[in-house]
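Just so it is clear, the structure is predicted and the values come from calculations on it, not from any experiment.
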Amino acid sequence: SHTGQLVAIALADPGFVVGVDIEEESRVTAFAAIARIAATPGERCRLAGVPDRDRCAALTLLWTIKEAALKAT
């Protein structure tokens, strides 16, 4: 996976399923609208409880976990 100048690589033994994703926080602003659609009600509730100053980082983490899981499957 890659974004900007960042690269992530996942290595695993044969037979293991892995997924990896990375995102630059600056791109996450556009993801806020997507989170309203792609996040589960529980995830949206947890994001709403995150202080404003940390919400971008929390959304980045949520998004990268979801995308990595999708890539693994």
Connected via hydrophobic side-chain network under 4.5 Å: Leu11 and Val7: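 Same hydrophobic cluster.
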
Rounded to the nearest 0.5 Å, how far does [atom2] of [Y] lie from [atom1] of [X]?
{"X": "Leu62", "Y": "Arg44", "atom1": "CG", "atom2": "CZ", "value": "10.5 Å"}
{"X": "Lys66", "Y": "Thr40", "atom1": "NZ", "atom2": "OG1", "value": "5.5 Å"}
{"X": "Thr60", "Y": "Arg55", "atom1": "OG1", "atom2": "CZ", "value": "12.5 Å"}
{"X": "Leu47", "Y": "Asp54", "atom1": "CG", "atom2": "CG", "value": "11.5 Å"}

Smallest separation among heavy atoms of Gly19 and Ala72, with atom names: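 Looking at all heavy atoms of both residues, the shortest contact is N-CB, 3.5 Å.
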
Minimum heavy-atom distance Lys71-Val20, with the two atoms named: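 Heavy-atom minimum between the residues: CD-O, 3.3 Å.
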
